[in-house]
2 protein chains.
Amino acid sequence: MTLLSEERVAGQRTPENVAARLERLILDGVFRPGQLLPSERRLCERLKVSRASLREGLRILRSKQIIETRQGHGSTVASLLPMHQQSPLMHLFNDHPRTLFDLLEVRALLEGESAFLAARRGTSMDRVLITRRYREMADYAEHSESIDVERLARLDHAFHLAVSQASHNPVLVHTLQSLTDLLLSSVFASVKHLYHREGPREMINRQHARLHDAVVAGDAEQARHVALEHLTSITELLRELEAESERLERSAMRMEPW
Amino acid sequence: MTLLSEERVAGQRTPENVAARLERLILDGVFRPGQLLPSERRLCERLKVSRASLREGLRILRSKQIIETRQGHGSTVASLLPMHQQSPLMHLFNDHPRTLFDLLEVRALLEGESAFLAARRGTSMDRVLITRRYREMADYAEHSESIDVERLARLDHAFHLAVSQASHNPVLVHTLQSLTDLLLSSVFASVKHLYHREGPREMINRQHARLHDAVVAGDAEQARHVALEHLTSITELLRELEAESERLERSAMRMEPW
DNA sequence: TGTGGTGCAATGGTCAGACCAGTAATTAGT
DNA sequence: ACTAATTACTGGTCTGACCATTGCACCACA
């Protein structure tokens, strides 16, 4: 019978198998999006597993955002199952948003020192390169009416890289680079939003100009100060952005009674 | 009030909280990539949760690919997430020994900030831990007649780690840790020499004492100052050591038979 | 007729202890 | 010296119980 064949196929009583079987049932349309699926006790009987294993299986589906669970109510099939795939690093920032600002804190420190050393140790060749990178970035930011945000971000990064390389400390360059990569890979979307708004973009441009001037002029203290200010601004802008998106989320939740 | 808020952080016996606490420990470097973490039974005792809840917590981390589990063996921290734990910098040290001092430069910066933040943000619990680590180190350094240099180095490292963890910035802890690992793996022999000489050892002890006092007293500026001084001293000592060994090399070269 | 409690049953969440199954180091036997 | 059995772990599963929320049916009262 059906029950027999199910048992033969479903012999494995492991949480992974439980999750796979339930997922299959959902994909086959037995359990439809929005539907409340059977209670844990009942699922235990049907799937012939203990409640502990079943719960670990449900945990897997929950972490894949395939189901949602409310105590005293039950588990419902999530309405949106398109692959919401995110990088493993994103998880870190989603669950611990504070980490983003921890990262910015460290980056500000290194960026400041980098600018300081660049102004103090930079050779004339370094300054030529820094100025070149700065001009490429500034020209593109000013002239272009329709801005390709991604390209601007690359130019921005190239400018900061040139400054850090002028510090002549490869360890500093490398550490800074990896932190920046981490930052961009996690919140590139947010950074893009920053460039899209005129206000923040102009502030960033002004700070870049001052940073360039200080480094080229060899004013180390001023360079560090401007760099710190720059990172502080970015941090504040990201904080505002975060608060904003939280407000949006909350209002969206209020409008979603079903 | 304090008890309530602490309980909210560490007392929640929910799988999500278990996962968050373990992730925090990994982020802070208590459990490091590749390391085998304690058995489930032991973790139950430490985190004060049942094995079922703990296992659901581990399931969360596993689905995020933060840990890997093998039956009969244990769970290991995935070596996937380290930002720059694996050092592509290593080859730099072989080719250009000067990089050592670049590293010390960056490390001084981070240690300084770490001490600064520890003094400013450290909780009473943090201070207790810092003091404990300091006493362990200081007691061993004073009492023991025949000093096991390797053990002293470990105690030293534990003390600095406790300070950095009090900064409550996991990114800072992580970066600092990887730089320290890099340093020790490259010049541990030299560091050993520092501990062997009485003069440097006493200077280091005094600086550790002042660093401890400043952090515990909450004097952030002083803490940063002492930390910077500490790293500066070490740098100078290593410079002298380097010059010394160069002299030795040269004299050895003069004796070379060819 | 409505309206606001109130109790109850069902749900998910957690717990404790037992046993199964795989691993690896140690030991006994050849 | 090598191999096989032993042993003491490890994670994996099961059972049955209790706790905390939820939602609904019920009932007293305005």
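For clarity, every value in this text was computed on a predicted model and none was experimentally measured. Residue numbers start from 1 in every chain, and the chains themselves are labelled A, B, ... in the order their sequence lines are given, proteins ahead of strands.
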Assuming nearest nucleotide by heavy-atom distance, tell me which of Arg70(B) and Ser50(A) is located more 5' along DNA chain D.
Arg70(B)
Length of the CZ-P vector between Arg59(B) and dT14(C), whole Å
16 Å
Value in whole Å for how far the P atom of dT21(D) lies from CD of Gln71(A)
6 Å
Arg51(A) near the nucleic acid: base, sugar-phosphate alone, or nothing, with a heavy-atom cut-off under 4.0 Å?
base
Taking NZ from Lys48(B) and P from dT14(C), how many angstroms apart are they, rounded to a whole number?
18 Å
First encountered from the 5' end of DNA chain C, between Arg42(A) and Glu56(B):
Arg42(A)
Please report, rounded to the nearest Å, how far the P atom of dG13(C) is from the CD atom of Gln12(B).
13 Å
Rounded to whole Å, how long is the line connecting atom CD1 of Ile67(B) with atom C1' of dG12(D)?
14 Å
Ignoring hydrogens and angles, answer whether the base of dG12(C) and the side-chain atoms of Arg41(A) contain a donor-acceptor pair closer than 3.5 Å.
yes
Just N and O in the side chain of Arg13(B): are any of them under 4.0 Å from OP1 or OP2 of dG13(C)?
no
Counting only heavy atoms not in Arg120(B) (residues, nucleotides, ligands), do more than 12 fall under 6.0 Å from its CZ?
no
Give the ring-plane orientation class for His212(B) versus Tyr134(B), where under 30° counts as parallel, over 60° as perpendicular and anything between as tilted.
parallel
dG12(C), OP1 or OP2 - any side-chain N/O from Thr69(A) closer than 4.0 Å?
no
Atom CD of Glu68(A) to atom C1' of dG12(C): distance rounded to whole Å?
15 Å
With a 4.0 Å limit, can you tell me whether Ser39(B) has a side-chain N or O closer than that to the phosphate oxygens OP1/OP2 of dC9(D)?
no
Rounded distance (nearest 0.5 Å) linking atom CZ of Arg42(B) with atom CG of Leu54(B):
13.0 Å
Let me know, please, whether Ala52(A) or Gly72(A) comes out on the 5' side of the other along DNA chain C by nearest nucleotide.
Gly72(A)
Rounded to whole Å, please give me the gap between CZ in Arg62(B) and P in dG11(D).
10 Å
Looking only at the side chain of Val49(B) (C-beta and beyond, no hydrogens), which of the listed nucleotides dG12(D), dC15(C), dT13(D) gets closest?
dC15(C)
By nearest atom, which of the nucleotides dT13(D), dG12(D), dT14(C) is closest to the Arg55(A) side chain?
dT14(C)
Without decimals, in angstroms, what is the distance between Glu40(A) CD and dT14(C) C1'?
11 Å
Would Arg133(B) and Glu136(B) pass as an ion pair if we require N to O under 4.0 Å?
yes
For dA24(C) and His73(B) - does any side-chain N or O of the residue sit under 4.0 Å from the phosphate oxygens OP1/OP2?
yes
Establish, with yes or no, whether the OP1 or OP2 oxygen of dG12(D) is under 4.0 angstrom from a side-chain nitrogen or oxygen of Thr14(A).
no
Starting at CE of Met137(B), measure out to CD1 of Ile204(B) and round the result to the nearest 0.5 Å.
9.5 Å
